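Here's the structure, in structure tokens; my notes come after.
Here the structure is a predicted model, which is why all the values come from computation and not from measurement.
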Amino acid sequence: MPRINTRHADQFIAELKPFTSNGAISADFDSAGNYVVKSYATAIAVIYPDTQTAILNRTKYSHTTTRHQYEARQGVSRLGFAQIELDDPDQFTEATGHRARVRRFDW
């Protein structure tokens with residue numbers, strides 16, 4: 001799996017390519033064939049290629065994770081897939097089956 005600069009994450013996401021980075025954003029396919037983008041261990045986007053849909057985790061976390069969420073949104077936008085944005089980490093986890101941290105960062 002290639003190690004990339006965080007600034008290029010949106011390009012890899014737009015092409016559904018697995019990657020990791022020094023900035024702790026990564027993406028890979030799960031066992032069901034869905035593309036999961038993570039910031040550290042928190043899922044921030046799950047992309048369903050079969051239905052051309054993406055579910056995005058919009059929970060507020062740290063500045064770094066916020067940057068990763070931005071890269072994920074940019075990549076999904078370039079795909080042209082339908083987007084569902086969820087602000088609640090429990091709803092995101094329930095909808096995707098991928099863990100989103102409950103702890104939020106209030107600005």
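Heavy-atom minimum distance, A100 versus T93: N-OG1, 3.0 Å. Between V37 and A72, the closest heavy-atom pair is CG1-CB, 4.3 Å. When every heavy atom of N22 is checked against every heavy atom of R3, the shortest pair comes out as OD1-CD, 3.0 Å. The minimum heavy-atom distance linking T59 with D87 is given by the pair OG1-O, 3.1 Å.
For N34, the side-chain contact (heavy atoms from CB on, under 4.5 Å) criterion is met by D30, A32, V46, Y48, P49, not counting sequence neighbours. With sequence neighbours excluded, the residues forming a salt bridge (Lys or Arg N to Asp or Glu O under 4.0 Å) with E85 are R58, listed by chain and number. Looking at residues two or more places apart in sequence or on another chain, you find a side-chain contact (heavy atoms from CB on, under 4.5 Å) between S21 and I4, T6, I25. Residues satisfying the side-chain contact (heavy atoms from CB on, under 4.5 Å) criterion with A43, sequence neighbours excluded, are V36, F92, H98. Annotation: side chain to side chain donor-acceptor pair (under 3.5 Å) contacts of S77 (sequence neighbours excluded): Q83. Judged as a side chain to side chain donor-acceptor pair (under 3.5 Å), and not counting sequence neighbours, T20 has no contacts. Evaluation of the side chain to side chain donor-acceptor pair (under 3.5 Å) rule for S39 yields T65, H68 as partners, not counting sequence neighbours.
Applying the salt bridge (charged side-chain N to carboxylate O under 4.0 Å, His left out) test to residues at least two apart or on different chains, none of the pairs has a partner in residues 38-53. For residues 10-40, the set of pairs meeting the ring pair (Phe, Tyr, Trp, His ring centres under 6.0 Å) definition, not counting sequence neighbours, comprises F12-F19, F29-Y35. For residues 4-28, the salt bridge (charged side-chain N to carboxylate O under 4.0 Å, His left out) pairs, not counting sequence neighbours, are D10-R78, E15-K17.
With values rounded to the nearest 0.5 angstrom, R101 atom CZ is found 4.0 Å from T42 atom OG1. With values rounded to the nearest 0.5 angstrom, K60 atom NZ is found 10.5 Å from N57 atom CG. Distance check, rounded to the nearest 0.5 Å: CD of Q91 to CD1 of I84 gives 11.5 Å.
A continuous path of hydrophobic side-chain contacts links L56 to F81 [ILVMFWY only; heavy atoms under 4.5 Å].
When hydrophobic side chains of Ile, Leu, Val, Met, Phe, Trp and Tyr are connected at separations under 4.5 Å, M1 ends up as a singleton with no cluster partners. Through direct or relayed side-chain contacts under 4.5 Å between Ile, Leu, Val, Met, Phe, Trp and Tyr, Y70 connects to no other residue.
Residue E94 qualifies as open at atom CD: its count of foreign heavy atoms under 6.0 Å is 12 or below.
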